[in-house]
Every structure is written in C-alpha cells, then in structure tokens.
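A quick write-up on the structure given underneath.
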Amino acid sequence: MPATESADNDQLFVLTAVLLTPAQFPSVLGDDYPEVCAGLGLAPYAEGYGLVLGQDGSGARWTVVTEDVSLVACAIAAWDCGMEYDLSPGADSIAAALPGWPLALAVAAPGVPQPHDPEPQEGDPAPLAPPDAAEWGPAQRRLGADEIALQWAAWRDQVADEDVTFAEPGDDAHKGVRRVLKEARGYVAQPPPPGRVRSSFAAGEARTLRVDGPGWSMVARTDDIAFVLLDEEPGEVHPVGRGPELPGLLSSLDELAARPV
C-alpha cells in the first residue's frame, strides 16, 4: 500500500488519486472546473491539482491536495497498467489536507480502523462527502454522461439510423434538447468557464466531446451524433442527429475545449 505524509506528519495510506484540472476532473462534483474547485474550497489554479485520497493511522479519511499534477498523473497511469507506484507528494507541493473524501470509495487500508471522518478541530472545514447520487439530479445526470462517454460503442449500437427519429437541431419536437443546443451554440460565441467543454481521444481522427451546462449534459463524437441528458427528465437519454447544424457545432466546440495534456 503506497503511503505519504499528511500535513500533521501522520502517515497517510493512499487508496486512490484523481486529477483535478480544467480538462480532467470528477464530473460528479460539478459542471465545470471552477465549480468543482469551489466545492473543495480551492482556488481554480490554471494548472490544476491532484487529489490523493487515503486514511491516516487512526483510519480517518483525508484528501491531500497537491499541485504536483504530473506526479499524480504518472501514478494513475502506472496503477491503470497494474504497476506499483509510490505516490508521495513533496511537502512543498501540498496545497491542503482536507478531512473526508469527495468521492465514494469501496476500499480501505488494511491494518487500520474502518474509514471514518476525523475528529473535528476548531476552525477545520466540514468533512468532504460524496454528492448524493442515489436519486436523479445533477450528480447522477453527470455520472450518466460519463457512462455514455465510456461505453460509446454500446450506446451508439442501440440507436439505429433507420429505426430512430433523431431530435435534429432546430427541430420543434423537444424543447429541452433545443435549449441545450442553443446554450451550446452560445458557448462558441462566449466561451464558458473552464471544463464546461472537454475533448478527449476517440477512435480514428474523431474526438469525444463532453459538454455540460445548467441542468444538462451532452456527450458527442465529432464524427457522429450526440446524446443529451436533462435534469428535468430522469433517466432519459436523447439522441441528437447530425443534420445540417450539428457537425459544425461540434467542430467549433472542439476548438475551444479543454484537452488533457
């Protein structure tokens, strides 16, 4: 089990780590990078942070925030390949040690008490806790969009062009989808906060776009269609056909999108 040192010099048993940058952050925590940073009490530092989640020797949950983004990225890449990596941010790179975890974890450090929030000290912030995603709302809507982006081929296979009438841009068939497309076009004219539009690799020369806004999420492939999820329609996923407008909109969004370094 990798370990580092927390701000109070107590050993931290590292369980996992995630990136918090304009291009990569846990979507469940917010629609854009500044919103996620605000929820954690952090300044929206342009280069971003790494979040290291672990337990101290008493079993208490801690989230260590480091400015050494490359170190955390290397650790995540190594773990994804099944390799060991000792994630130990230098003391001078640690921006904060926050009580609690912002994400739900199903693992715990061996040999220490079960995970629990640390005893509050005067002046400490309230312990971090994962958003409630048990019922449909912004957090679950964003998680749904994450799943579509991750399993694009499976979702796309469920939508046959000859069997489904797509909600075309400009179509009067669905007011919510029209609103999303209008707001997405507004991003091209006036760029939104960092992280509202993110672009990642896809098959071939295409890109996967993730676009979020107040009450909605959109997942799209620049060479294909889009899917829209809305807060006001629990569990519904709306396919948006390319039509005459979508290709140009997706291309413009991709140009302004934040991309992983």
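- If you check the side chains of Trp216 and Glu183, you find a donor sitting under 3.5 Å from an acceptor.
- Distance alone, capped at 3.5 Å, places no donor-acceptor pair between the Ser251 side chain and the Pro247 backbone.
- No salt bridge links Asp31 with Arg196; every basic N to acidic carboxylate O contact stays at or beyond 4.0 Å.
- Thr208 and Arg198 are not linked by any side-chain donor-acceptor pair at a separation below 3.5 angstrom, with hydrogens and angles left out of the test.
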task = Test side-chain contact (heavy atoms from CB on, under 4.5 Å) on Val240 and Val177 and set out the steps.
result = CA-CA 8 Å; Val240 180; Val177 171; 3.9 Å; yes
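- Screening residues 20-59 for ring pair (Phe, Tyr, Trp, His ring centres under 6.0 Å) gives Tyr45-Tyr49 as the qualifying pairs, with residues at least two apart or on separate chains.
- Between Pro138 and Asp231, some side-chain heavy-atom pair lies under the 4.5 Å cut-off.
- Annotation: the span from Leu20 atom CG to Leu29 atom CG amounts to 8.0 Å, rounded to 0.5 Å.
- Taking CG of Leu42 as the reference point, atom CD of Glu67 lies at 9.5 Å (rounded to 0.5 Å).
- Distance CG/Asp223 to CD/Glu205: 9.5 Å, rounded to 0.5 Å.
- Here Asp146 contributes atom CG and Ser27 contributes atom OG; the two are 4.0 Å apart, rounded to the nearest 0.5 Å.
- Looking at every heavy atom in both residues, Leu230 comes nearest to Val180 through CD2-CG2, 3.5 Å.
- Ring geometry for Trp152 against Phe227 counts as perpendicular: the plane angle is over 60°, on a 0 to 90° scale with 30° as the lower cut.
- Val18 and Met83 are assigned to two separate hydrophobic clusters, defined by single-linkage of ILVMFWY side chains at heavy-atom distances under 4.5 Å.
- Separating the CG atom in Asp132 from the CD atom in Gln140 is a distance of 9.0 Å, to the nearest 0.5 Å.
- Between Tyr187 and Arg185 there is no side-chain heavy-atom pair separated by less than 4.5 Å.
- Proximity of a side-chain donor or acceptor of Trp101 to a complementary backbone N or O of Leu53 within less than 3.5 Å is not detected.
- By the 4.0 Å N-to-carboxylate-O rule, Asp224 lies close enough to Arg156 to be salt-bridged with it.
- Interatomic distance, Leu143 CG to Glu147 CD, rounded to the nearest 0.5 Å: 9.5 Å.
- Within the 4.5 Å cutoff, no side-chain heavy atoms of Val219 are placed close to those of Leu209.
- Inspection of the Thr66 and Asp68 side chains reveals no N or O donor paired with an N or O acceptor under 3.5 Å.
- Between Pro34 and Pro44, the shortest heavy-atom contact is CA-CB, 4.2 Å.
- Closest approach of Val112 and Gln55 over heavy atoms only: CG2-NE2, 3.9 Å.
- For the pair His174 and Glu233, the tightest heavy-atom approach, listed with the atom from each and the gap, is NE2-OE2, 2.8 Å.
- Pairs engaging residues 110-126 under the side-chain hydrogen bond (donor to acceptor under 3.5 Å, both in side chains) rule: Arg61-Asp117 [sequence neighbours left out].
- Across every non-hydrogen atom of Asp254 and Arg259, the tightest pair is OD2-NH2, 2.7 Å.
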key: Audit row: Gln24, Thr21, side-chain contact (heavy atoms from CB on, under 4.5 Å) steps and yes/no   = CA-CA 5 Å; Gln24 292 177 275; Thr21 71; 3.7 Å; yes
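- A side-chain contact (heavy atoms from CB on, under 4.5 Å) with Leu87 is found for one member of Thr16, Leu12, Leu71 and no other, namely Leu71.
- Listed by chain and residue number, Arg179 satisfy the salt bridge (Lys or Arg N to Asp or Glu O under 4.0 Å) test with Glu232 (two or more places apart in sequence, or in another chain).
- A cation-pi arrangement is present between Arg207 and Phe201, with the terminal nitrogen or guanidinium carbon under 6.0 Å from the aromatic centre and inside a 45° cone about the axis.
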request  = Determine, step by step, whether Leu229 and Trp136 satisfy the side-chain contact (heavy atoms from CB on, under 4.5 Å) criterion, reporting the C-alpha distance in whole Å, the side-chain angles of both residues, the deciding distance to 0.1 Å, and the verdict.
outcome  = CA-CA 11 Å; Leu229 297 86; Trp136 187 263; 3.9 Å; yes
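- Closest heavy-atom contact between Asp212 and Arg142: OD1-CG, 4.1 Å.
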